[in-house]
Student: 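Take a look at the following structure, please.
Since this is a predicted model, take the numbers as computed values, not measurements. So that the names make sense, note that chain A is the first sequence line, chain B the second, and so on, each numbered from 1.
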Amino acid sequence: MNANITRALFRDALSQVVDNRVFRILFVILCVLVLPTFVIGAREDHLSILFTWDYSYEEVYGLFGGNLAATEHPNRVLIQAAQKALTDGLAGTFGILFAIAATAFFMPRMLEKGAADVVFSKPVSRFALLMTRYIAGLLFAAVLAIVMIGGMQVGFLLVSGWSDPGFLWSIPILIYVFAVVHAVSVLVGVFTRSSVAAMLVTLIFYSFNGCVHQGWYALEATQGGMTLDPEQDEDAKVDRGLFLSTMMTALDVAHFILPKTGDADFIARSVRHRIDRRGYEFFDESTDFLVDQPPKEFTRDPAATIDAGGLVWRDTAAPDAAQISLSRAPIETAGTRFGSSKKWLNELKKDATVSDAERVSESLDEHPAYAVRWTKTLDGAATRRMTRWYFESGKWLYVLEIDADSTWFTVDENRKRAQAFRWEMTFSEASGGNALNFNAGSSNIGLALGLEKRYGWTAPLKYNYFFSIGSTLAFIVVVLVLAQFKLKRIDF
Amino acid sequence: MTGATMIEVRDLTKTYGGGLFKKGFRALDGISITVGPGSVFGLLGPNGAGKTTLVKILLGLAHKSSGDAQLFGEAVGHVSSRARVGYLPEAHRLPLYLSGRQVLELFGQMCGRDRDYVRARVPKLLELVDMREAADRKVREYSKGMQQRIGLAQALIHDPDLVILDEPTDGVDPVGRAAIREVVLDLKRAGKTIFINSHLLMEVELICDRVVIMDKGKIVKQGTIAELTPRTGRVRFDLEPTTADFERIVAGLGSGFERHERGFELLANESEIDQAVDRLRAAGVSIRGLEARRMNLEQAFIETVTKERA
């Protein structure tokens, strides 16, 4: 096939997409949805509408009965909520359904009597024509995904000063999911030459496929308690009798054969997560514990490292007035959060310069920790207020310490800064949203981390993302080969 | 098979819907034809005769069951063999989302021509099929006749050596039909090989050098127009003056005398014709024309098909 033919086919595919009425409607709807990102700026401390009217987040959240106290980064929360609503809800569900309906006719219409005679009598192979219609469908989804996600990214960047490159991964993921369903649509279109059949069967397939994987995940979850180690599950599996075993095997087979569209969301999160890690203040590869930003208006000691004395940040304006440090030691030698915090409290109690020492159970980003607080009197009348959080992540015992002059804490703004820093620490993506409840033994890690550990890039074949992507792509190839097999044999 | 032939078909058969326990419908039953370069070939036959099936096999749109079919010396079904063919299908549907001009550009490039070549050729073809003014309107806005004319233009956009036209004047008004006929005659003068499948026998008679009549998947007759339209035995005399009493002059010669405005017609053998000429000359009548009457193609076609079915 020479370049002229290829160009012509792609131009034709684009013309077909642009002419599509549903495409135009969706395009306009998406533009309308993206438009607010260009006119509403979500700044650090206020919302700016049309660059003219400013509203504090307290006012805006108050309108919806929200409580800002729980939101340390209101702009981030707002933007991420908008991103999630549009990608997961609109694009991921309705968008895919609309796209199925709007592209189902691509193949059947080309195969209609009269239309097929003109097109298939040209010196172009049937395979090329099949692929053109397939790619036309992908273009359909791609243009809409780019407009929506790319538009939002540009809008947030220009108007809110917010950049989230990981969010752009939603574009290939949406195309990836649509590539699966569109391949089925093309196959049914070739076999039945009916747009209605193509649309209905594809919708049924999409739902059925989703159910199979949900069912598979659910059954997996009931097998042996779902630890992070699949081998432990194997040991813990219960004999469920012939019927349930057969069902489980059938579901397993279906899961292996069918495309894993349900994994797309997890894969996107994983990829985003990996991209987002770059530029973080601190990230523990082995456990996914990360510190997003340095404490506000604190400067990090350049020489300090996590394993050599720990990371140390000092108040930029008054370096001696306040410092925050993060250090770690292996649990094997340092002990658990419980033992270490208790031991430290006991030591404090022996110190005459220490008063108000207390130890409480607290959580950091829903991660269990023990906080030890005390006040230390220095020479003269000066006192320092100190807090240490002991928590575990993987094989490490971490200690986060805030050490500040007592007068420093009397300033509201300073207290807020110190408090806000705890929000910069995450132990996994907080926005899990999956029904599975992972139990990682002593460490209650979050869902996405759990998923990534169990269903990650390095997980055993059955749970591996590479396998998920590979088998999904293989499914697409098989479906298209079947479509080509049939198309080649059609007498027009 | 010779490389010089445009189309060569040998013992071609096509059965639709056949299976292990099903006989199927035989649309083509041992067809053999040869179409040489520069000729205008007409394919005639009643509905269901297999004409369109034959064309579709030639263009790779349908698969043969057995036999051999070649285009330009290459087996049909090969993509490359279609590069030199322009095809106007019967009841075609062009992409509704494109304008007439875009249709020509698309199909020109799909035939492997580069964009500059196609863009230079589009205005000429739009002119040829009288679609210049409507060129930038969407196909969905075209009338049947306009779609037919753009369809013809798309078949010619890449300057093919062989043009296959399936019912080219279908749905076109008489003026448009005459225009299309003129286009075909231009192509014939340009030395293109034309393969026409049409119900309109008058057109075929006017345009084609050679005709095949098919029925029930078989060729029942083929030859030149002259070969397919035998003499009826009647002779037409065009005479001057036209007022003379011709019936009296040729009384007793032949039979079936019929007067017409410029003379008369008579069923007569050669000797009777000679005698009629002598008598007319002796009566001072000038003979302006003398024509041995033939069947027209429609008569020949009906007679052939009827005889075959009987």
Student: If you measure only the distance, is there a donor-acceptor pair under 3.5 Å linking the side chains of A:N4 and B:Y117?
Tutor: no
Student: Quick check on A:F127: does its CZ atom have over 12 non-hydrogen neighbours (other residues, nucleotides or ligands) under 6.0 Å away?
Tutor: no
Student: Specify the closest pair of heavy atoms between B:M110 and A:V124, including all atoms of both residues, with the distance to one decimal.
Tutor: O-CG2, 3.6 Å
Student: What part of B:R84 lies closer than 4.5 angstrom to a heavy atom of chain A: side chain, backbone, both or neither?
Tutor: neither
Student: Can B:Q109 and A:K122 be counted as having a side-chain donor-acceptor contact under 3.5 angstrom?
Tutor: no
Student: Would you say CZ of A:F485 has more than 12 non-hydrogen atoms from neighbouring residues, nucleotides or ligands within 6.0 angstrom?
Tutor: no
Student: Could you check which of B:Q102, B:R115, B:K138, B:H158 has the highest count of heavy-atom pairs closer than 4.5 Å to chain A?
Tutor: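 Sorted descending by pairs with chain A, the first entry is B:R115.
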Student: If you count every heavy atom of other residues, nucleotides or ligands that lies below 6.0 Å from B:Y142 atom OH, does the total exceed 12?
Tutor: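 Yes, the 6.0 Å shell around OH holds more than 12 heavy atoms from other groups.
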Student: Is any NZ, NE, NH1 or NH2 atom of the basic residue among A:D19 and B:R140 found under 4.0 Å from an Asp or Glu carboxylate oxygen of the other?
Tutor: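 Looking at B:R140 together with A:D19, the answer is yes, because their closest N to O distance falls below 4.0 Å.
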Student: A:R489 versus chain B, heavy atoms under 4.5 Å apart: side chain, backbone, both or neither?
Tutor: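 Just its backbone gets close to chain B.
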Student: Counting only heavy atoms closer than 4.5 Å, note whether B:L106 contacts chain A via side chain, backbone, both or neither.
Tutor: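 Contact with chain A involves both backbone and side-chain atoms of B:L106.
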Student: Tell me, side chain or backbone of B:A91 under 4.5 Å from chain A's heavy atoms, or both, or neither?
Tutor: backbone
Student: Is it true that atom NZ of B:K188 has more than 12 heavy atoms of other residues, nucleotides or ligands lying nearer than 6.0 Å?
Tutor: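 Result for NZ/B:K188: enclosed.
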Student: Has B:H63 got a side-chain atom pairing as donor or acceptor with A:K488's backbone, closer than 3.5 angstrom?
Tutor: yes
Student: Which region of B:E105, side chain (C-beta onward) or backbone (N, CA, C, O), has a non-hydrogen atom less than 4.5 Å from a non-hydrogen atom of chain A, or is it both or neither?
Tutor: neither
Student: Checking B:L98 against chain A: side chain, backbone, both or neither under 4.5 Å from a heavy atom?
Tutor: side chain
Student: Within this structure, what is the CZ-CG distance for the pair B:F107 and A:D12, rounded to the nearest 0.5 Å?
Tutor: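 Rounded to the nearest 0.5 Å, the CZ-CG separation comes to 7.5 Å.
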Student: Picking from B:G151, B:A83, B:G60, B:G112, which has the most non-hydrogen pairs under 4.5 angstrom with chain A?
Tutor: B:G112
Student: In this structure, are over 12 heavy atoms from other groups packed under 6.0 Å from A:F191 atom CZ?
Tutor: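 More than 12 heavy atoms, drawn from other residues, nucleotides or ligands, come within 6.0 Å of this atom.
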Student: So, taking the atom named OG in A:S121 and the one named CG in B:L88, what distance separates them when rounded to the nearest 0.5 Å?
Tutor: 9.5 Å
Student: If you measure from OH on B:Y97 to CZ on A:R21, what distance do you get to the nearest 0.5 Å?
Tutor: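 Spacing of OH (B:Y97) from CZ (A:R21) equals 15.5 Å.
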Student: Can you confirm whether A:V118 sits close enough to B:L94 that some side-chain heavy atom of one is under 4.5 Å from a side-chain heavy atom of the other?
Tutor: yes
Student: Is the count of non-hydrogen atoms from other residues, nucleotides or ligands lying under 6.0 Å from A:F256 atom CZ greater than 12?
Tutor: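 Count over threshold, so yes.
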Student: Can you measure from CZ (B:R82) to CZ (A:F120) and round to the nearest 0.5 angstrom?
Tutor: 9.5 Å
Student: Ignoring hydrogens and geometry, is there a side-chain-to-backbone donor-acceptor pair from B:K56 to A:F492 under 3.5 Å?
Tutor: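 Looks like yes, one N/O pair under 3.5 Å.
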Student: About how many Å separate NE2 of B:H92 and NZ of A:K113, when rounded to the nearest 0.5 Å?
Tutor: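 These two atoms lie 12.5 Å from each other.
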Student: Given that the side chain runs from C-beta out, which part of A:V119 has a heavy atom under 4.5 Å from chain B: side chain, backbone, both or neither?
Tutor: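 Both parts, heavy atoms under 4.5 Å.
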Student: Less than 4.0 angstrom from a charged side-chain N to a carboxylate O is my criterion; do B:R93 and A:D117 meet it?
Tutor: no
Student: Would you call A:P123 and B:C111 a side-chain contact if the rule is heavy atoms closer than 4.5 Å?
Tutor: yes
